[in-house]
Amino acid sequence: MKISPKYNASEIESKWYDYWMKNNYFHSEVDEREPYTIVIPPPNVTGVLHMGHMLNNTIQDVLIRRARLLGKNACWVPGTDHASIATEAKVVAKLKEEGINKNDLTREEFLNHAFEWKDKYGGIILEQLKKLGASCDWERTKFTMDDDMSEAVIKVFVDLYNKGLIYRGFRMVNWDPEAKTTLSDEEVIYEERQGNLYYLEYDIVGSDEKVTIATTRPETILGDSAICINPEDERFTHLKGKKAIVPLCNREIPIIEDSYVDVEFGTGCLKVTPAHDENDKVLGDKHNLEVIDIFNEDASLNSFGLHYEGKDRFVVRKEIAKELEEKGYLVKVEQHTNKVGTSERTKAVIEPRLSDQWFLKMEDLAKPAIEGVLGEDRDVKLYPRKFENTYRHWMENIRDWNISRQLWWGQQIPAFYYGDGKEDFVVAETKEKALELAKEKTSNANLQTSDLRQDPDVLDTWFSSWLWPMSVFDGIRNPENEEINYYYPTNDLVTGPDILFFWVARMIISGYEYKDTRPFENVYLTGLVRDKQRRKMSKSLGNSPDALKLIEEYGADGVRVGLLLSSAAGNDLLFDEALCQQGKGLGNKVWSAFYLTSIWEVSEEIEQPEHSKIAIDWYKTKLQKTLAEIEDHYSKYRLSDVIMSIYKLINDDFCGWLLEAVKPAYQQPIDKKTYDEVIAIFEDNLKVLHPFMPFITEEIWQLISERTAEEALIIAKYPAINEVKDSSIIEEFDFATSIISGIRTIRKEKNIAFKEVIELYVVNNENSTKSFDSIIKKLVNISEINYVQEKVDGASFRVKSNEYFVPISADSINVEEEIKKITEELNYTEGFLKSVQKKLSNERFVNNAPEQVVANEKKKEADALAKIETLKASLASLE
RNA sequence: GGGCGAAUAGCUCAGUUGGUUCAGAGCACUUGGUUUACACCCAAGGGGUCGGGGGUUCGAAUCCCUCUUCGCCCA
């Protein structure tokens with residue numbers, strides 16, 4: 001068959017993806033083989049592919065394809081996440097564009113719009129993953145709001161409630177005034193903001209004294225319920241037991257004492273606003289203070305805001321500062337930098353707010369998950385291990401999880417209210433069951449479903465995704481079904497460290513709670529993808545390359561290799577398109593090597609030449625050694641080292657040395673034995689490379705010979721890995737390459753063209769093997785290698801104590817230069833010898849160092865001595 | 001403010017129990033090379049006080065102390 005000398009990625013990639021799909025290689029069914037399972041971290045249903053996904057999913061695909069080649073039953077479950085806040089925000093924005101206000105819609109109408117949106121844009125990202133080559137089992141695609149998935153979520157909620165782990169609490173929560181919802185602590189991003197520190201004077205009741213406090217939020221004085229001083233602080237002793245008057249609203253508030261107050265900060269005197277600050281809330285509870293909430297749900301002021309009622313908090317901050325100044329309460333204003341919590345989704349400044357929420361008690365649930373990861377047997381292993389510390393810190397300080405969200409998009413909380421009392425509700429999977437429970441609880445047999453009002457809030461998205469590894473196999477609803485028993489626990493999880501707590505830790509918690517086992521064995525935490533300036537890639541910066549364009553330009557194979565080349569687990573990846581170029585370069589290299597073999601004419605007539613036989617023997621050993629190395633890297637999840645090893649194997653060893661060694665002269669045929677062996681070796685290389693570059697390897701595999709569907713590369717058998725017992729051939733080969741390098745250097749220095757045949761003379765002090773002579777002769781165009789006892793006139797170089805000579809015409813020999821070169825080498829070697837001997841003459845070294853180390857130093861000494869002999873002899877003959 | 005981690009070549013990073021991987025890889029750079037598979041190529045080469053200082057040791061990139069700078073998480 002005629003092979004094109006150039007490789008065209010885009011045509012070939014879609015061809016093979018279709019072929020794999022058609023033959024159903026990605027699909028997995030329960031069978032007798034060992035399973036290998038990965039569940040995808042479900043991307044947001046409305047998301048588009050970005051660099052982080054590309055990295056993530058390439059890693060997963062490498063692991064899955066490798067498992068497939070190793071003969072395991074590989075199952076990669078794809079899917080998407082309903083991402084309640086993000087998706088609802090997008091739908092609200094889209095409706096707004098159409099002139100529709102969410103508040104004018106019923107819940108049902110809104111959800112119809114949302115599902116319409118989801119059906120239209122949902123899953124685009126999964127289509128994009130196909131372009132990358134992701135070999136997911138698409139028949140298993142799940143969505144966190146599929147009916148069965150939602151059922152599982154509700155079932156778990158009810159179960160946890162019945163176990164007494166879910167409770168309703170009036171708590172300080174993070175309130176997003178723009179989305180009008182609570183956020184979990186993890187969804188709040190703290191940003192450093194430049195603000196002001198306002199120093200305000202409060203009058204003291206019944207005296208002319210005043211007290212000055214410092215605050216960053218003057219608008220909250222209207223919610224003040226105390227002034228707090230440190231009991232140790234002598235500056236304020238005189239205020240103990242007195243009362244202060246809040247400016248503007250003229251309310252009297254007590255002056256309390258608590259050691260919580262930092263005497264160094266501000267004036268050492270604190271105003272307490274329990275409704276609007278978490279620490280103040282704690283103080284308030286302790287000292288039994290009044291709670292005065294001055295905000296509406298959009299963070300504008302309510303009636304406690306006096307004449308500021310209805311105005312936004314930031315407007316009020318400016319205006320009230322002005323009023324306070326005019327009325328003489330404002331002493332001074334200082335510049336002050338503080339950390340402000342903002343919403344991850346809407347970017348709005350979050351407001352601590354007291355509200356009714358649902359919470360999950362975490363402390364006891366977390367215990368098995370702490371033991372699982374940090375216990376001695378490391379039931380769940382994190383890669384890289386440095387994240388164990390972060391995990392420990394979080395898990396040991398875990399707080400109850402606020403699982404309710406004031407949204408419509410998501411699983412509605414299955415709590416049903418039948419009255420106005422705080423405890424007038426029941427929790428059940430369906431309204432019918434709820435009615436029964438409510439009848440029981442109230443002893444009112446006349447209750448109707450219409451008397452029940454379901455809690456309007458939905459559950460936090462993570463409350464559905466924490467079940468993901470179980471629920472995709474229906475393990476919650478049917479805990480003993482065949483699939484969950486076969487595929488669960490899954491093997492590897494690949495995700496970013498930014499969701500170690502949001503998601504990974506919670507899956508581990510739910511796994512131990514509901515299956516009494518880990519959800520996965522290994523967690524590979526990838527780094528974040530950053531640009532060359534180390535900035536996080538983001539839409540707003542516009543520094544994220546278009547993923548699909550990259551694939552178009554470099555091919556999916558090239559992009560995959562490019563991404564993995566520089567991404568050690570847990571390290572951020574500084575993305576540079578040049579890496580994709582390197583990936584594409586490897587593809588070209590492989591293709592071009594294949595093209596070379598395709599144009600050879602094969603002859604059964606000729607014998608296998610010596611140089612081919614040796615080169616093939618060497619490569620086979622080298623391959624075994626590299627396979628073992630690769631195995632080791634895989635076991636440590638060091639994929640960038642795996643691809644680097646493969647890169648060097650193919651680029652340097654296979655193309656650079658083996659093919660050069662066996663390549664017949666121009667337009668000469670190659671012997672059949674060598675050809676067959678080279679092709680077999682090529683096939684092994686393709687198998688090793690396949691997980692990283694699935695497309696080009698399958699293409700070449702199928703071009704090498706006609707294959708049936710059962711013989712496709714994607715399901716081929718990975719090369720056997722045998723222990724290398726004798727690696728002397730590799731050492732001998734390395735010695736030969738040093739000789740080849742030496743000759744190349746001489747050719748370059750002396751301007752001897754490659755096509756000019758030269759002779760080589762050797763003084764073989766090392767008594768090194770001659771078996772590589774044929775290869776040396778071929779690779780550096782030498783007519784004859786002559787073994788001699790004495791130095792020969794010409795250019796020279798040394799490998800260990802061996803000396804090599806290339807005779808050249810007398811006028812191009814510069815004796816002085818030769819002497820200088822040899823003298824330098826001699827000086828260096830003598831210096832080296834001296835340091836070695838110094839070590840060896842140190843009694844404490846010889847007595848304390850391990851035998852192996854001492855023996856090695858002795859060998860270094862002997863080698864150096866031999867080399868010095870050679871160099872001195874050379875010098876003597878030149879002078 | 002609390003916790004965790006990092007600093008090695010121009011860049012990105014390896015370097016496991018202190019000595020056989022001990023100063024390394026890839027990229028970038030410099031120089032030379034194309035009738036012979038690949039210029040998306042090949043070859044040769046330069047380049048680092050292992051962040052600073054101190055200590056332990058026969059021996060330190062590696063262990064300890066300290067300082068500096070940076071990153072991440074949490075409050």
Side-chain angles (χ1 to χ4, degrees), chain A residues 3 5-7 185-186 188-190 262 264-265 278-279 339 341 384-394 396-397 399 497-498 500-501 527-528 530 532 534 536 554-555 558 562 565-568 570-576 578-600 632-633 636 638 640-641 643-645 647-648 651-652 655-656 659-660 663-668 740-749 751 753-755 779-780 835 838-857 859-860:
Chain A
I3 305 297
K6 289 264 180 250
Y7 178 67
D185 292 339
E186 292 77 17
V188 178
I189 300 168
Y190 287 88
D262 179 0
E264 303 287 322
F265 185 80
E278 179 124 35
N279 294 316
K339 295 266 178 92
R385 280 191 87 159
K386 65 177 178 188
F387 286 108
E388 287 178 3
N389 283 333
T390 326
Y391 183 87
R392 170 180 290 112
H393 189 245
W394 194 77
E396 287 177 353
N397 298 289
R399 301 199 291 173
D498 48 338
L500 181 60
F501 307 129
L528 293 171
R530 295 173 181 278
K532 267 161 94 181
R534 269 192 191 279
K536 207 166 159 174
Y554 300 100
L565 268 174
S566 74
S567 72
N571 275 349
D572 283 359
L573 172 94
L574 271 68
F575 183 76
D576 182 352
L579 291 167
C580 293
Q581 188 53 52
Q582 203 183 338
K584 190 180 175 186
L586 179 61
N588 280 316
K589 192 78 188 171
V590 176
W591 184 260
S592 146
F594 171 60
Y595 175 74
L596 173 68
T597 64
S598 80
I599 55 173
W600 282 338
D632 184 51
H633 292 322
K636 294 168 183 158
R638 298 174 65 136
S640 60
D641 288 337
I643 186 60
M644 188 48 76
S645 292
Y647 184 87
K648 287 190 209 161
N651 216 57
D652 303 348
C655 295
L659 289 183
E660 288 302 329
K663 187 163 86 175
Y666 186 49
Q667 291 194 332
Q668 294 297 304
I740 290 169
S741 270
I743 294 164
R744 281 173 176 161
T745 309
I746 284 179
R747 279 190 183 272
K748 189 178 174 186
E749 277 172 3
N751 263 324
F754 180 77
K755 41 188 172 181
L779 292 186
V780 277
S835 79
K838 191 179 159 200
K839 224 187 241 184
L840 284 169
S841 62
N842 183 335
E843 265 179 51
R844 285 196 282 184
F845 170 74
V846 182
N847 294 336
N848 295 329
E851 215 172 302
Q852 180 56 245
V853 176
V854 178
N856 181 50
E857 290 301 314
K859 184 165 184 304
K860 277 188 197 166

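In the text below, chain A, chain B and the rest are named by the order of the sequence lines, each starting its count at 1.
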Answer with base, sugar-phosphate or nothing: what part of the nucleic acid does [X] contact at a heavy-atom distance below 4.0 Å?
X	result
Glu660(A)	base
Ala578(A)	nothing
Tyr647(A)	sugar-phosphate
Lys648(A)	sugar-phosphate
Thr597(A)	nothing

Output the single nucleotide from [options] whose closest atom is nearest the side chain of [X].
X	options	result
Ala593(A)	rA37(B), rA75(B), rU31(B)	rA37(B)
Lys589(A)	rA14(B), rG26(B), rC42(B)	rC42(B)
Gln582(A)	rC27(B), rA44(B), rC38(B)	rC27(B)
Met644(A)	rG15(B), rG26(B), rC4(B)	rG26(B)
Lys755(A)	rG26(B), rU35(B), rG45(B)	rU35(B)

Separation of atom NZ in Lys636(A) from atom C1' in rU16(B), rounded to whole Å
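Whole-Å distance recorded here is 7 Å.
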
Once you round it to whole Å, what is the distance between C1' of rU35(B) and OH of Tyr666(A)?
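Nearest whole value for this atom pair: 7 Å.
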
Mark yes or no for a side-chain to base donor-acceptor pair under 3.5 Å between Lys748(A) and rU31(B), with no hydrogen or angle criteria applied.
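Donor-acceptor pair under 3.5 Å: yes.
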
Taking the chi torsion of rU20(B), is it syn (within 90° of 0) or anti (everything else)?
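Glycosidic conformation of rU20(B): syn.
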
